[in-house]
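Written out below as structure tokens is the structure these notes cover.
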2 protein chains.
Amino acid sequence: MSSHSSGPVGVFTFRLNAVSNLSSPISYALGRLVGNVRTFPAHQDIVRQGDRPSQCCVVLRGWVSRNKVLEGGVRQITALHIPSTIPDLQSLMLPQMDHNITTVTSVEAGFIPHSALRHLMTEFPSLALAFWKETLIDGAIAREWEVNLGSRPAAQRIAHLFCEMATRLEHVGQADRIENALSFPWPLTQGQLGEATGLSAIHINRTLQELRARGLIEFTRQQVQITDLDRLTHFAGFNPDYLLSEKPGQSASLIDAYERAVASI
Amino acid sequence: MSSHSSGPVGVFTFRLNAVSNLSSPISYALGRLVGNVRTFPAHQDIVRQGDRPSQCCVVLRGWVSRNKVLEGGVRQITALHIPSTIPDLQSLMLPQMDHNITTVTSVEAGFIPHSALRHLMTEFPSLALAFWKETLIDGAIAREWEVNLGSRPAAQRIAHLFCEMATRLEHVGQADRIENALSFPWPLTQGQLGEATGLSAIHINRTLQELRARGLIEFTRQQVQITDLDRLTHFAGFNPDYLLSEKPGQSASLIDAYERAVASI
DNA sequence: CGTCATGTTGAGCGTCATCAACAGGAGTGG
DNA sequence: CCACTCCTGTTGATGACGCTCAACATGACG
């Protein structure tokens, strides 16, 4: 537990320890680098396609989306990010952003200068491994979204997204489970859900009604309730393996060993 | 230039230098680790979903696809890989594969044991940065595929894939350019093209005819010819920036500096 | 025998339009 | 200061219509 665990940065350092298996000194140092914390309103770009950031953004509260906008104005959401992640970490290695980072809800975000991150990476080489692993998991999620967009009909596509977000939210303690039922906040409008699934807002509306009629999900404003997770999982063809290809803590040994090996040179 | 540059491993070490900006000693060492080179027939899995590989696969000749198969038997191709890449590099960090690696053509592939890669990464910490960067570029390509699958109509979707592959192939010298025309090998059947774009094989067939009728592309068996790259680029809404978010050689300074910084500890 | 080609049919989904519900903000009067 | 209205923008809901694309044919070509 770092001294930051109680503030807004706490969720960040907590995740670094639990999910990314970073050792406490590294996550503590990272947490201390987060500065310039401020609040963004909903539906606002934090980073834009074509930008060349000199700092990275840490999401501390709220949801953000990765998205690209086509010439015609159509927007495709390619990923959803929940708190404690660094959505534009790639700008450290790829200077020009290929997509936008946009707030979904009101968002509290902090910033870490690239220079500080680079310095910390030379001090703790295993940090690069942790970042690489984060990127690999993002990649696995992106692949599953490709399958969703390319191969599943509308109802299953929406259901699959709900399954994925339910799993990810529960994993960071932001979903309430009672037996086989799961409820969690859902800040996306039907229009945004359409942008994420490649469907029109109208068709989203009708398909949601179908899912409700089947008794698979319920909506109370800003909140989704999955009545029977097993049924929804089966309906959507959801397999959670891709979200965390290993049990938490398992890769700690690799990262620790790497740290010791480099330090001993 | 390593001593391997003339053999099949040459394309691998060449790309490590040119694209990944690895220094010659590292790429030379990596090239030496490639062993057990053998040839796979077309349409065969090299690595399967659920596998826990203990080695990584280096594609030396031919094309492979990343793909996932749904319960109903529908296959979604999420990425295409051309020679000189390591498609299952992620198995170093995420032990369980979330997707299949399948040959498209006949493929020559070599293998590097995880243990050797891990050892080399402790010897050259900047190798992790290079691998991370590769993963980030893969991620940028995956995002563009998500946009393709979710937001573009059939004709533009296919045209966009042709633009992407033309650019990537030309980048490694496997496309012939004459003025504004570009021709390159195209080993995918119409069925596989459908699996990559989320369209039925029949609709692929008809849309290809439409593209031919518009004079945008021509087909000779196993070969695609883009008659006017600018026109096709405009038609598809293709912007090549995401493929290499920087000019080759630009990130060499970061990786070199990282190598020196860690070595000087 | 796999791949490409071509016709027919219909389901799935997009587009356009309208309407209700709701949340702010400005102004008004109490 | 608070309550009430009016206005406006956003979201969700619903109907009518048309187009894109999938499903199931059946041949033709290597």
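Below, read A as the first sequence line, B as the second, and so on, with proteins coming before strands; counting in each chain starts at 1.
- Comparing C:dT3, D:dA13, C:dT6 against the side chain of B:Asn205 picks out C:dT6 as the nearest.
- Minimum interatomic distance between A:Thr167 and A:Pro240 (heavy atoms only, all atoms of both residues): CG2-CB, 4.4 Å.
- Look at CD on A:Glu210: it is 16 Å from C1' on D:dT14, rounded to the nearest Å.
- Whole-Å rounding puts the B:Gln190 CD to D:dA28 C1' distance at 14 Å.
- Residue contacts for B:Arg152: at a heavy-atom cut-off of 4.0 Å it reaches no nucleic acid atom on any strand shown.
- Summarising the geometry, the separation between CG on B:Leu188 and C1' on C:dG2 is reported as 16 Å, rounded to the nearest angstrom.
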Check the pair B:Asn36 / B:Arg38 against side-chain contact (heavy atoms from CB on, under 4.5 Å), numbers first and verdict last. CA-CA 6 Å; B:Asn36 193 17; B:Arg38 54 201 164 109; 3.8 Å; yes

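- Here D:dT10 presents its P atom at 13 Å from CD of A:Gln192, a figure rounded to the nearest Å.
- With the nearest nucleotide of DNA chain C identified for both B:His43 and A:Ala154, B:His43 has the one nearer the 5' end.
- Salt bridge annotation for B:Glu210-B:Arg214: present, with a cationic side-chain nitrogen under 4.0 angstrom from a carboxylate oxygen.
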Just list the side-chain donor-acceptor pairs under 3.5 Å for residues 57-70 of chain A, sequence neighbours left out, or say none.
unit_1  : atom_1 : unit_2   : atom_2 : d
A:Arg61 : NE     : A:Glu108 : OE1    : 3.4
A:Ser65 : OG     : A:Asn67  : ND2    : 3.1
A:Arg66 : NE     : A:His81  : NE2    : 3.0
A:Arg66 : NH1    : A:Pro87  : O      : 2.9
A:Arg66 : NH1    : A:His99  : NE2    : 2.8
A:Arg66 : NH2    : A:His81  : NE2    : 3.3
A:Arg66 : NH2    : A:Pro87  : O      : 2.9
A:Arg66 : NH2    : A:Asp138 : OD2    : 3.4
A:Asn67 : OD1    : A:Arg75  : NH1    : 2.8
A:Asn67 : OD1    : A:Asn100 : ND2    : 3.2
A:Asn67 : ND2    : A:Thr102 : OG1    : 2.8
A:Lys68 : NZ     : B:Glu144 : OE1    : 2.4

Can you give one letter per nucleotide of nucleotides 14-26 of chain C, 5' to 3': B if a protein heavy atom sits under 4.0 Å from the base, S if only from the sugar-phosphate, - if neither? SBB----------

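- Between A:Phe219 and A:Trp186, the ring center distance fails the sub-6.0 Å criterion.
- Between the CD atom of A:Gln209 and the P atom of C:dG12 there is a distance of 16 Å, rounded to whole Å.
- Taking 4.0 Å as the cut-off between side-chain N and carboxylate O, A:Arg177 and A:Glu170 count as a salt-bridged pair.
- Using a cutoff of 4.0 Å between basic side-chain nitrogens and carboxylate oxygens, A:Asp51 and A:Arg48 are not scored as salt-bridged.
- The shortest heavy-atom contact between B:Ala140 and B:Tyr242 is CB-O, 3.5 Å.
- Under the 4.5 Å side-chain criterion, counting only non-hydrogen atoms from C-beta, A:Leu243 is in contact with A:Phe238.
- Side-chain N/O atoms of A:Arg212 include one lying less than 4.0 angstrom from OP1 or OP2 on D:dA13.
- Computed from C1' positions of five pairs at each end, the angle between the two local axes of the helix from C:dC1-D:dG30 to C:dG30-D:dC1 equals 40°, rounded to 10 degrees.
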